[in-house]
Amino acid sequence: MKMFWFGRNWKNYVKHVVTEKTLEEAKESLFKYVPQDISKDEFYRNKVFIDFGCGSGTFSLGALLTGCKKVISFDIQNESLEVTEMLKDKFKYLLNKLDHEYSWEIFRGDILDDGLAETLSAFGDIVYSWGVLHHTGSMYKAIENACKLVKPGGFLIIAIYNHAPSSESWLKIKRFFNSHPPLQPFLALLYGVFVCSAYIIRRKTFNLYKDMGMHVFYDAIDWIGGYPYEYACYEEIQKFVENLGFTLVKSPTKLPCGKDSAETNPVKRFFQIIRAANTGCNEFVLKKT
């Protein structure tokens, strides 16, 4: 079974959604990972920022806008690299306004590639991967290689899907979606419209933008199609990474583990799955010690 077409989804997102305001939100979202004992300017200024699984490239560009001197963006899907290049060209006028010298490398790479991990070993002041490691097909191997990229004293920022009551059911849904290519456009549209409608009803607004510059419709497609798909409880990820020589310094998002709390009533179970409660990402900021 092939990996979901993340790049194609992000290409439509960049083409139809991303604006200066979107980039500003993406940039501002990076500041929530700054440890309390470090100033915002100090944390990113003149740092090397590695963004693997760069997707749309918005956070890579956001890192440059925060003051990073070098950004390395890589992804396993060629379409994601095309999107990142498209974004770079679309907003090159913002890059021209930067008050510091910078470099931005964009290339195809796989975090599971030990050779690449060796090449970039201890290279990043900040290694960033939001919602990517659980889509590699070998999450813990990917986390190990990600840790190798961080300099001593540097930071690893990752977001991993939580183990929720409906996680196993969503794994089956994602497998079905990716096993039936002819149905994908219909299922993606149907689910995207459903999520947008629910979002509007709940928020009572037609503004479909979310935090971090994301858009509800494209985020919904990313969710239903996102495969491979793995998940873990917060404590499991924390313990695993800390055993690799890191210390947890911040957790902007921490969700309750629900692997043993699946609903048994069929009707309630159905709505539990549709709601996808607590299936989002736990966020970790870890310092290499």
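- Under 3.5 Å, the side chains of Y140 and E230 contain no donor-acceptor pair of N or O atoms.
- Applying the ring-ring contact (aromatic ring centres under 6.0 Å, His included) test to pairs two or more places apart or on separate chains, those with a residue in residues 76-110 are F74-F107.
- L190 meets the side chain to side chain contact (heavy atoms under 4.5 Å, CB included) test with F186; sequence neighbours excluded.
- Under the rule for a side chain to side chain donor-acceptor pair (under 3.5 Å), E118 has no partner lying at least two apart in sequence or in another chain.
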**Request:** Kindly indicate, with the supporting measurements, whether the criterion side-chain hydrogen bond (donor to acceptor under 3.5 Å, both in side chains) is fulfilled by S56 and Y218.
**Result:** CA-CA 11 Å; S56 65; Y218 294 100; over 6 Å; no
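- Of the charged side-chain nitrogens involved, at least one lies within less than 4.0 Å of a carboxylate oxygen, so that E105 and K70 count as a salt-bridged pair.
- Between K250 and K287, every side-chain heavy-atom pair lies at or beyond the 4.5 Å cut-off.
- For the disulfide bond (SG atoms under 2.5 Å apart) test, no residue two or more places apart in sequence or in another chain qualifies with C281.
- Residues passing the side chain to side chain donor-acceptor pair (under 3.5 Å) test with Q184 are W5, sequence neighbours excluded.
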Donor-acceptor list for residues 34-42 side chains, cut-off 3.5 Å, not counting sequence neighbours:
{"from": "S39", "atom 1": "OG", "to": "E42", "atom 2": "N", "distance (Å)": "3.1"}

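- Annotation: side chain of L248 is in contact with side chain of F284 (closest heavy-atom distance under 4.5 Å).
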**Request:** Please step through side-chain contact (heavy atoms from CB on, under 4.5 Å) for the pair T58 and L23, ending with a clear verdict.
**Result:** CA-CA 6 Å; T58 51; L23 292 177; 4.2 Å; yes
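- Relative orientation of the H135 and F6 rings is tilted, given thresholds of 30° and 60° on the angle between their planes.
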